[in-house]
Amino acid sequence: MAGKLIDGKAAAKEIREEIKKEVDEVKAQGVVPGLAVILVGDDPASHTYVRNKEKGCKEVGIHSEIYKYPAAISEAELLDKIRELNEDKRIHGILVQLPLPGHISESKVIDTISPEKDVDGFHPVNVGKMVIGKEGFLPCTPYGIMKLLEREQIDLQGKRAVVIGRSNIVGKPAGLLLLQRNATVTYCHSKTEDLSYHTKQADIIIAAVGKAKFLKAEDVKEGAVIVDVGMNRDENGKLCGDVDFESVREKASFITPVPGGVGPMTITMLLYNTVQSAKRMVKDRISN
Ligand code: NAP
């Protein structure tokens, strides 16, 4: 029997409704949650992502400001803008759309964002908090994955989880969050020998590789939970994930589709983090 589809669109809609209520509560206390997004250069995909973030903010009532700069902007100028936004009381979340042009250091940019406004969860302070299980901002895509698994009441305790991919924004944090839920986690990457040996034993597989239809049915155990993070184009230019969806679905117990799985959750968790940041600031204001 084909695995159950995990409907990321429906989950995102539900969570956005809850976020909207939280936004209204914060507004009732005189604060409008605000997100600043910095976009450098003219990469069409980045422009689309930023437009979707702006749309998401509007939908839930978050104030958003988009700062667009030409690719030639100097690193110093960009860092100055971030410092200015760090001090801006109207802004509760700052996001710099990646990737950046080669002459700008991404790590310098991330390090300059105040950890209190780092709603992407990329700052080393927030990464460190995640590692030791302290409250901070969690990176949006892995956080969205955990919300999807939670919503389906998928038991992670003691389960074998395999994460394919070890990027700082998806693979690595996804594995850490699974570990926090007591899964037994294995990371696979481009240097992994006999990848299918690992995936065939997995109760849960997170595929974050960036290669169209990479994970095949023969690599998957009967009844596995499959989370497909990939966003690729297939041979016909159609959007597809890292999982060979049709065949893998036949063996899976649960599976996320692409599109409509993990994708809609990423921006939703960004909105969520922004409201939590605004709430934290309101709380601090009251207690000071
Ligand atoms: P990335 O930085 O390119 O990382 C890809 C990872 O896959 C790396 O760790 C790499 O290993 C590993 N890998 C590459 N080829 C492999 C192979 N043949 N066997 C095993 N592992 C292999 O990508 P990312 O940023 O994590 O993104 C992954 C995918 O998710 C992309 O398709 C991206 O578009 C998508 N994505 C989607 C969302 C969303 O909201 N839905 C958000 C972010 C990303 P090494 O470390 O050894 O190089």
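The analysis underlying the following values was restricted to heavy atoms, covering all of them including side chains, and did not include hydrogens, waters or symmetry mates. Remember, it's 1-based here, ligands and their atoms both numbered in the order they're listed. Nothing here was measured: the structure is a model prediction, and the numbers come from that model.
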For [atom], state which one of [options] supplies the nearest heavy atom.
{"atom": "atom 11 (O) of ligand 1", "options": "Cys140, Pro142, Ser190", "result": "Ser190"}
{"atom": "atom 8 (C) of ligand 1", "options": "His189, Met265, Arg166", "result": "Arg166"}
{"atom": "atom 5 (C) of ligand 1", "options": "Thr199, Val209, Val262, Ile145", "result": "Val209"}

*At their closest point, which heavy atom of Gly175 faces which heavy atom of Val185, and how far apart are they?*
O-CG2, 3.6 Å
Contact atoms of ligand 1, heavy-atom distance to [X] under 4.0 Å:
{"X": "Ile169", "answer": "25 (O)"}
{"X": "Val229", "answer": "30 (O), 35 (C), 36 (N), 37 (C), 41 (N)"}
{"X": "Thr266", "answer": "39 (C), 40 (O)"}
{"X": "Asn232", "answer": "32 (O)"}
{"X": "Gly263", "answer": "41 (N)"}
{"X": "Ala208", "answer": "5 (C), 6 (C), 7 (O), 28 (C)"}
{"X": "Lys211", "answer": "14 (C), 15 (N)"}
{"X": "Leu195", "answer": "20 (C)"}

*asked:* With no hydrogens and no angle check, just 3.5 Å: does a side-chain donor-acceptor pair link Thr184 and Arg160?
replied: no
*Salt bridge check: are Asp203 and Lys221 linked by an N-O gap of less than 4.0 Å?*
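Lys221 and Asp203: salt-bridged.
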Within the side chain of [X], is there an N or O that forms a donor-acceptor pair under 3.5 Å with the backbone of [Y]?
{"X": "Ser46", "Y": "Asp42", "answer": "no"}
{"X": "Glu65", "Y": "Val37", "answer": "no"}
{"X": "Asp228", "Y": "Thr256", "answer": "no"}
{"X": "Glu152", "Y": "Leu148", "answer": "no"}
{"X": "Asn86", "Y": "Thr112", "answer": "yes"}

*Quick one: does Asp242 get an N or O within less than 3.5 Å of an N or O on ligand 1?*
no
*Using distance alone, determine whether Met231 and ligand 1 share an N or O pair under 3.5 Å.*
yes
